[in-house]
Amino acid sequence: MSFDKSIINQKEINDKKDDTNLPTLYLNFSFYKVDPKWRWLNDIGKDEAAKEFSSLIDIANTKLKVMTYSTIGMRKESDFMLWSISDSVEKIQVLSSKVYTTILGKYIDTSEVYLSASRPSIYSNKITPSFMENDEPLKYNIIYPFVKSREWYLLPFGKRSEMMKEHINVGKKFPHIRLNTSYSFGMGDQDFMLAFETDNLMDFQDLIMKLRETQVSRYVVRDTPMIVCVYKKIFDIIKSLG
């Protein structure tokens with residue numbers, strides 16, 4: 001049974017009235033940097049490597065959900081990213097291990113890895129992250145870790161809810177931008193992992209500028225690095241590596 005049918009069934013999600021009954025999903029954002037020695041590999045070897053890696057991703061997508069993105073030219077520390085979503089961290093580990101057994105795997109190093117999990121929002125029961133749905137990925141995905149101050153968590157819940165309402169209302173003005181919020185408490189150095197999907201980067205920039213003006217921004221400690229990722233099939237990504 002495929003991941004999409006067993007874990008993310010949109011009809012089942014829509015039928016549920018209590019978000020606490022939704023399955024827990026683990027999210028992994030793994031960024032890879034390619035060794036310059038890769039460029040010296042002959043074209044036949046590169047073609048075989050691209051086919052092998054593409055096959056690995058196809059097989060992985062029967063057990064979990066894997067989306068592939070190019071970051072070449074966007075960040076100096078990475079060339080591509082695998083976004084994996086699974087009902088267990090062990091499945092993510094298996095994929096990560098198999099990546100290094102491929103031809104390409106011998107020419108790459110992990111530059112950044114972020115781990116998080118799904119959890120219902122305590123501020124709104126109407127927010128369903130995009131990754132809980134079956135929609136096709138949009139052209140761009142801007143991914144970044146997010147850390148709030150300890151003072152934020154010590155505020156009365158009512159005051160936090162009031163400020164978050166303002167924050168959420170800003171997001172509603174950009175309905176064409178998909179928000180994916182997941183939680184890293186105890187799993188990573190950050191509090192949250194954010195992934196904004198959009199077909200227009202300037203729309204995302206407008207959103208961020210508006211969010212900077214909200215009261216919640218007073219309590220943001222860190223929201224970098226912001227990594228722009230371009231959705232592409234892994235075969236095309238590998239062929240673009242030089």
Side-chain angles (χ1 to χ4, degrees), residues 2-4 25-117 131 136-145 180 182 184 187-190 193-198 201 224-242:
S2 71
F3 173 81
D4 287 345
L25 298 176
Y26 297 94
L27 293 79
N28 177 272
F29 305 87
S30 290
F31 293 83
Y32 296 94
K33 181 68 177 177
V34 178
D35 192 306
K37 293 178 181 177
W38 163 261
R39 302 188 186 99
W40 292 94
L41 188 65
N42 61 56
D43 290 341
I44 295 176
K46 290 177 182 176
D47 284 342
E48 288 301 313
K51 292 176 183 176
E52 178 190 36
F53 209 93
S54 295
S55 178
L56 171 63
I57 298 301
D58 288 341
I59 294 172
N61 266 307
T62 66
K63 305 294 183 182
L64 60 161
K65 187 173 184 179
V66 185
M67 289 166 284
T68 56
Y69 295 84
S70 172
T71 58
I72 191 168
M74 305 295 165
R75 304 285 301 191
K76 67 178 181 179
E77 66 270 23
S78 68
D79 295 309
F80 69 96
M81 187 272 289
L82 303 183
W83 182 13
S84 304
I85 305 172
S86 175
D87 58 345
S88 78
V89 293
E90 287 79 9
K91 290 179 182 178
I92 294 172
Q93 273 197 319
V94 169
L95 172 60
S96 299
S97 176
K98 289 186 179 297
V99 161
Y100 290 112
T101 67
T102 64
I103 297 171
L104 178 63
K106 295 173 175 56
Y107 291 89
I108 59 177
D109 283 319
T110 309
S111 57
E112 297 283 354
V113 178
Y114 301 106
L115 181 65
S116 55
F131 65 81
E136 284 295 309
L138 298 183
K139 187 175 182 180
Y140 304 107
N141 197 350
I142 301 88
I143 295 166
Y144 58 97
N180 296 283
S182 52
S184 291
M187 298 180 187
D189 297 337
Q190 62 280 344
M193 281 304 301
L194 298 184
F196 285 86
E197 294 180 82
T198 181
L201 285 176
T224 56
M226 285 195 173
I227 307 173
V228 175
C229 306
V230 183
Y231 177 69
K232 291 183 178 180
K233 297 298 183 182
I234 190 63
F235 186 90
D236 296 329
I237 292 174
I238 295 173
K239 294 293 288 183
S240 72
L241 295 176

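Looking at heavy atoms from C-beta onward, D189 lies out of side-chain contact with Y114 at the 4.5 angstrom threshold. For the pair Y140 and L138, the minimum side-chain heavy-atom distance is 4.5 Å or more. Contact of the T71 side chain with the F31 side chain is registered, since non-hydrogen atoms from C-beta on lie closer than 4.5 Å. Counting heavy atoms from C-beta on, the side chains of M193 and L27 never come closer than 4.5 Å. Contact of the V66 side chain with the I85 side chain is not registered, since no non-hydrogen atoms from C-beta on lie closer than 4.5 Å.
Taking the side-chain contact (heavy atoms from CB on, under 4.5 Å) definition, one finds that K139 meets it with D199, sequence neighbours left out. For K239, the side-chain hydrogen bond (donor to acceptor under 3.5 Å, both in side chains) partners are D47, not counting sequence neighbours. Residues that satisfy the ring-ring contact (aromatic ring centres under 6.0 Å, His included) test with F53, not counting sequence neighbours, are absent from this structure. Residues satisfying the salt bridge (charged side-chain N to carboxylate O under 4.0 Å, His left out) criterion with E48, sequence neighbours excluded, are absent altogether. With sequence neighbours excluded, the residues forming a side-chain contact (heavy atoms from CB on, under 4.5 Å) with S96 are I92, listed by chain and number. In this view, K46 satisfies the side-chain hydrogen bond (donor to acceptor under 3.5 Å, both in side chains) rule with no residue, not counting sequence neighbours.
A donor-acceptor pair under 3.5 Å links the side-chain atoms of S111 to the main chain of E77, judged by distance alone. At distances below 3.5 Å, not a single donor-acceptor pair connects side-chain atoms of T110 with backbone N or O atoms of E112. Listed for the S88 side chain is a donor-acceptor partner under 3.5 Å among the backbone atoms of K91. Side chain of D79 to main chain of V34: a donor-acceptor pair is present (N/O by atom type, distance under 3.5 Å, no hydrogens or angles). Not one N or O on the side chain of S97 forms a donor-acceptor pair closer than 3.5 Å with the backbone of V94. Checking side-chain atoms of N180 against main-chain N and O of A195 turns up a donor-acceptor pair under 3.5 Å. In this structure a side-chain-to-backbone donor-acceptor pair under 3.5 Å is missing from N28 to L115. Remark: side-chain polar atoms of D236 are not paired, donor with acceptor, to backbone N or O of K232 under 3.5 angstrom. A donor-acceptor pair under 3.5 Å is absent between the side-chain atoms of S54 and the main chain of I234, judged by distance alone.
Between Y100 and G105, the shortest heavy-atom contact is CD2-O, 3.7 Å. Looking at every heavy atom in both residues, L64 comes nearest to S84 through CD1-CB, 3.9 Å. Taking every heavy atom of both residues into account, G242 and R39 meet most closely at C-CG, 4.1 Å.
Classified by interplanar angle (parallel below 30°, tilted 30° to 60°, perpendicular above 60°), the ring pair Y69/W83 is tilted. Using a 30° and 60° split on the angle between ring planes, F80 and Y32 fall in the parallel class, below 30°.
Under a cut-off of 6.0 angstrom, the local environment of CG in N42 is crowded, with over 12 non-hydrogen atoms contributed by other residues, nucleotides or ligands. Other residues, nucleotides and ligands contribute more than 12 heavy atoms inside 6.0 Å of the OH atom of Y144.
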- Task: Could you walk me through whether E52 and T102 pass side-chain hydrogen bond (donor to acceptor under 3.5 Å, both in side chains), step by step?
- Result: CA-CA 7 Å; E52 178 190 36; T102 64; 4.6 Å; no
